[in-house]
Protein chains: 2
Amino acid sequence: MTQAVRHDAMRARNLALVLREVSARGSLTRAALAEVTGLTKTTVSKLVADLIETGLVEETGVVRGGERGRPGVEVRIRGAGIAALGLEINVDYLAVRVVDLSRSVRLRRTQAVDNRSAQPVDVIARLRDLALSAVDEAVGNGLRIVGGALAVPGPVDLGSGVVHNAPNLGWRDVPVLSLLDLGMPLHVENEANLAALAELWFGAGPTDFLYVSGEIGIGAGLVVAGSLFRGARGFAGELGHVVVSPDGPPCRCGGRGCLEQYAGQDALLRSTGAAGSVGLMTMVTRVEAQDPAAVTACREAGWALGVALSSTVNLVDPDTIVLGGVFVPLFPYIGAVVTETLQSRLGQMRVSVPPVVVSRLGFEAAALGAAGQVIERVIADPAALLPS
Amino acid sequence: MTQAVRHDAMRARNLALVLREVSARGSLTRAALAEVTGLTKTTVSKLVADLIETGLVEETGVVRGGERGRPGVEVRIRGAGIAALGLEINVDYLAVRVVDLSRSVRLRRTQAVDNRSAQPVDVIARLRDLALSAVDEAVGNGLRIVGGALAVPGPVDLGSGVVHNAPNLGWRDVPVLSLLDLGMPLHVENEANLAALAELWFGAGPTDFLYVSGEIGIGAGLVVAGSLFRGARGFAGELGHVVVSPDGPPCRCGGRGCLEQYAGQDALLRSTGAAGSVGLMTMVTRVEAQDPAAVTACREAGWALGVALSSTVNLVDPDTIVLGGVFVPLFPYIGAVVTETLQSRLGQMRVSVPPVVVSRLGFEAAALGAAGQVIERVIADPAALLPS
DNA sequence: GATATTTAGTCCACAACGTAGACTAATTGG
DNA sequence: CCAATTAGTCTACGTTGTGGACTAAATATC
């Protein structure tokens, strides 16, 4: 597990420590860095010199006038150098994002496509084109893309990069990672997990929360102390199949009364009473117009979500619950019911019931999280990029 | 979060690395240690010398004849030196265990008392007496007790050591830690969590599992990659209040249809049909005698447990499920139903459904886990014990 | 406006720790 | 009895962080 610590590992960790502080606090003088890290000024100076040389950090040049004494030179993360690629395959779109080391989004590409009717290979080929052209442009702008990550709507085997089962896409056992070769280190992860990480790094959220991704399926990403909880095999967070009512409607997972059957996109739209398929935006319009069927559908979905979340809170104890995906436009009509249900089921037991808030990131959250994850790895181990 | 790494931290980590390998593999020569840790023979020799001097490790004296060449001197964890105290307060007993660094149990004290009818202060005073006499005896045997931990049946605020709410005992906001002063570092934790850790260190179990503690309440401890998952505030694992049926019988937590209402000890005993209170052993006798009411009660409890566990598996993805507490004697009569329910609700979705096994540790599990946790800390950071 | 004070950052001698390889010790195989 | 082999120690050395002296650049005070 833990490896032997030699001098190089010591340096690598201190380098990461300094870079992390710079990343977290925005902009600091060497003296301030020495203070917050507990290292001496000498050591910080050496480490910062290395980081500047590698292009991870830059001096702002501007000196800061504080109280008295010689002003320091602040350093900050250098955005113009290293960047990462974030990719997302979803039911009705493909998204590509390029994010730099300072976590600024440098490039956005979204393409609306119906991926349900296409073959996995074709979908991936299309994404590949989109990604390569984005990489070209980014490289043209002087960025160095060090890696990428791909978000897919369903459980993924992290090791092999095989998408187990993405029911919304109709995918089963698709080896995405080997099909999508971009000539750079890549990995694949569940969309809900990456959207949760996006909330962590790009939202103004807390460091402990449960992100609920409402799409056709309902997934969740749990972030504890700023890092993702994946469970033993990486398949944690399947909130959509938490039991709401044990004898409820049968679910495609084989169970009955799963949350997805009450609050999944299909269930929501179906229960508006309109025959055939009604789009999400139509649903939003109707509920805004106080259409009784739509309002009832929202209330029931909110209740079911509250029930499932009460189980979840009891099991994993999140600090906050962030609703994303389809629940974002519907939040005004379900948020209160979710909170009430949670309150009535947990209020007596818990000192405080986790607040239910809405995500402020759009649908592209997962792609952002994907890129962010790669950036996070660089910040966690900058030594990997140093010239040996 | 991560601290600056100086020379002393480097040494501390390597010391821990060596000690961990010795602890995990039983007995190793310095040469073998050099191989498994990746450190050089020189460094390992120095580290082992320090560990021997501190009394954490000892040479077996016996040399091992392998194949050819000079035989090595094996070292192993020294059991005769450092030990830890494990304490447990439960509804009907107090337990004290002394465990040494090699994880051998050196002393067992259990006292049957009805703690429900006593005041918290009195219970703690009684436990204190029991603990002090155990410490005396252990010290008399040459052991050095470096700390202790206490298991209580209910959620605990780890920081302050206040037991929030232990409904089985009728406790609310009891500052256990400050009441129980034993003149050594102590901490308090949830009984289910510590029982789970006992399973990890004293059972022959895997490193990823969910331990289910069936008592009057039902708790769970989740162990992922050999360490405990506590959630954001340390209140994770409240399996007893996971929803089985949203409109089921009201629960003391304020919700309805919680697992505890179907599979908690009270529910199990109540539903045997016998009026009044029937002891657990009576229940076991009846179900062994195929008493219809008892058999039905077990089946229903097993079903409810299966439903709640299917939600749990979807959320936290454990590798294995270990049933403990009252479920141990009842396992032959509920195990199959739990497995079937899980299988039917998860089988289509998951490649493999986590096996449901029974704990082989007795009721004293939590006390063992408490002591084990202290031992684990010593092994994880032996440098804390070195003479500065 | 000159000087004292304060803070930032660098320089240098030093200490702590792990490494590499020579060296000694102890065993087996021929 | 000697060669081969493996365990463990010893010594010179390299890497890295430290502490304090030193230089640099600002403000406060008179």
Side-chain angles (χ1 to χ4, degrees), chain A residues 2-18 22 27-53 57-76 382-383 386-388, chain B residues 2-18 22 27-53 57-76 382-383 386-388:
Chain A
T2 320
Q3 283 296 310
V5 182
R6 268 168 282 255
H7 293 120
D8 54 341
M10 175 162 79
R11 187 163 191 84
R13 291 199 37 165
N14 286 334
L15 218 39
L17 180 66
V18 168
V22 175
S27 164
L28 286 161
T29 64
R30 286 162 239 254
L33 274 170
E35 180 126 13
V36 296
T37 59
L39 294 163
T40 59
K41 288 189 292 175
T42 312
T43 305
V44 169
S45 281
K46 284 188 214 162
L47 293 169
V48 167
D50 272 11
L51 290 173
I52 289 176
E53 200 186 352
V57 142
E58 62 192 358
E59 295 189 333
T60 58
V62 184
V63 291
R64 180 207 56 162
E67 307 81 45
R68 208 144 67 137
R70 170 178 167 181
V73 180
E74 295 198 316
V75 292
R76 65 165 175 227
L386 292 199
S388 61
Chain B
T2 320
Q3 283 296 309
V5 182
R6 268 167 282 251
H7 293 125
D8 55 340
M10 175 162 78
R11 185 164 193 85
R13 292 201 36 165
N14 287 334
L15 217 40
L17 179 66
V18 168
V22 175
S27 166
L28 287 162
T29 63
R30 286 162 237 251
L33 273 170
E35 180 126 14
V36 297
T37 58
L39 294 162
T40 59
K41 287 189 293 175
T42 312
T43 305
V44 169
S45 280
K46 283 188 214 161
L47 293 169
V48 168
D50 273 10
L51 291 172
I52 288 176
E53 201 187 352
V57 142
E58 64 192 354
E59 295 189 334
T60 58
V62 185
V63 290
R64 179 207 56 163
E67 306 80 45
R68 214 146 61 138
R70 171 178 168 181
V73 180
E74 295 197 315
V75 293
R76 63 164 176 229
L386 291 199
S388 61

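Keep in mind the model is a prediction, meaning the values are calculated, not measured. Below, chains carry the letters A, B, ... as their sequence lines are ordered, and counting in each starts from 1.
- Between T42(B) and T43(A), the residue whose closest nucleotide on DNA chain D is further toward the 5' end is T42(B).
- Taking both residues in full, the closest heavy atoms of R30(A) and V44(A) are given as O-CG1, 3.6 Å, listed atom of the first, atom of the second, then distance.
- The shortest distance between the side-chain N/O atoms of R11(A) and the OP1/OP2 oxygens of dG17(D) is below 4.0 Å.
- Residue R6(A) places at least one side-chain N or O closer than 4.0 Å to OP1 or OP2 of dT19(C).
- Between R11(A) and L47(A), some side-chain heavy-atom pair lies under the 4.5 Å cut-off.
- Taking atom CZ on R30(A) and atom P on dC11(C), their separation rounds to 11 Å, with Å as the unit.
- At whole-Å resolution of the value, CG in L17(B) and P in dG18(C) are 11 Å apart.
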Please produce a list of atom pairs where a protein N or O lies less than 3.5 Å from an N or O of nucleotides 12-14 of chain D.
from: dG14(D); atom 1: N2; to: H7(A); atom 2: ND1; distance (Å): 3.3
from: dG14(D); atom 1: N2; to: H7(A); atom 2: NE2; distance (Å): 3.4

Below 3.5 Å is the cut-off: list the nitrogen or oxygen pairs between protein and nucleotides 2-4 of chain C, distance only.
none

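- Nucleotide dG17(D) holds its C1' atom 14 Å from the CG atom of L15(A), rounded to whole Å.
- Residue R70(B) has its side chain nearest to dA25(C) when only dA25(D), dA25(C), dT19(C) are considered.
- Side-chain contact between M10(A) and N14(A): present, with at least one pair of heavy atoms (C-beta onward) separated by less than 4.5 Å.
- Each of G69(A) and V5(A) has a nearest nucleotide on DNA chain C; the 5'-most of these lies closest to G69(A).
- Summarising the geometry, the separation between CE on M10(B) and C1' on dA15(C) is reported as 12 Å, rounded to the nearest angstrom.
- When side chains are defined from C-beta on, K46(A) counts as touching T42(A), because their heavy atoms get closer than 4.5 Å.
- Between dT16(D) and N14(A), no contact under 4.0 Å exists linking OP1 or OP2 to a side-chain N or O.
- Between T40(A) and the phosphate of dG19(D), there is no side-chain N or O to OP1/OP2 separation shorter than 4.0 Å.
- Here dT19(C) presents its P atom at 9 Å from CG of D8(A), a figure rounded to the nearest Å.
- In terms of the salt bridge (Lys or Arg N to Asp or Glu O under 4.0 Å) criterion, E53(B) has no residue partners (sequence neighbours excluded).
- Closest non-hydrogen pair, A4(A) versus T37(B), comes out as CB-O, 3.5 Å.
- Between V48(A) and I52(A), some side-chain heavy-atom pair lies under the 4.5 Å cut-off.
- If you check the side chains of T60(A) and E74(A), you find no donor sitting under 3.5 Å from an acceptor.
- Rounded to a whole Å, the CZ atom of R13(A) is 12 Å from the P atom of dG17(D).
- Residues P382(A) and L51(A) share a closest heavy-atom pair of CB-CD2, 4.3 Å.
- When every heavy atom of V22(B) is checked against every heavy atom of V75(B), the shortest pair comes out as CG1-O, 4.0 Å.
- In this structure, E35(A) atom CD and dG9(C) atom P are separated by 13 Å, rounded to whole Å.
- The distance between atom CD of E74(A) and atom C1' of dT7(C), rounded to the nearest whole Å, is 14 Å.
- Between K41(A) and A12(A), it is A12(A) whose nearest contact on DNA chain D lies nearer the 5' terminus.
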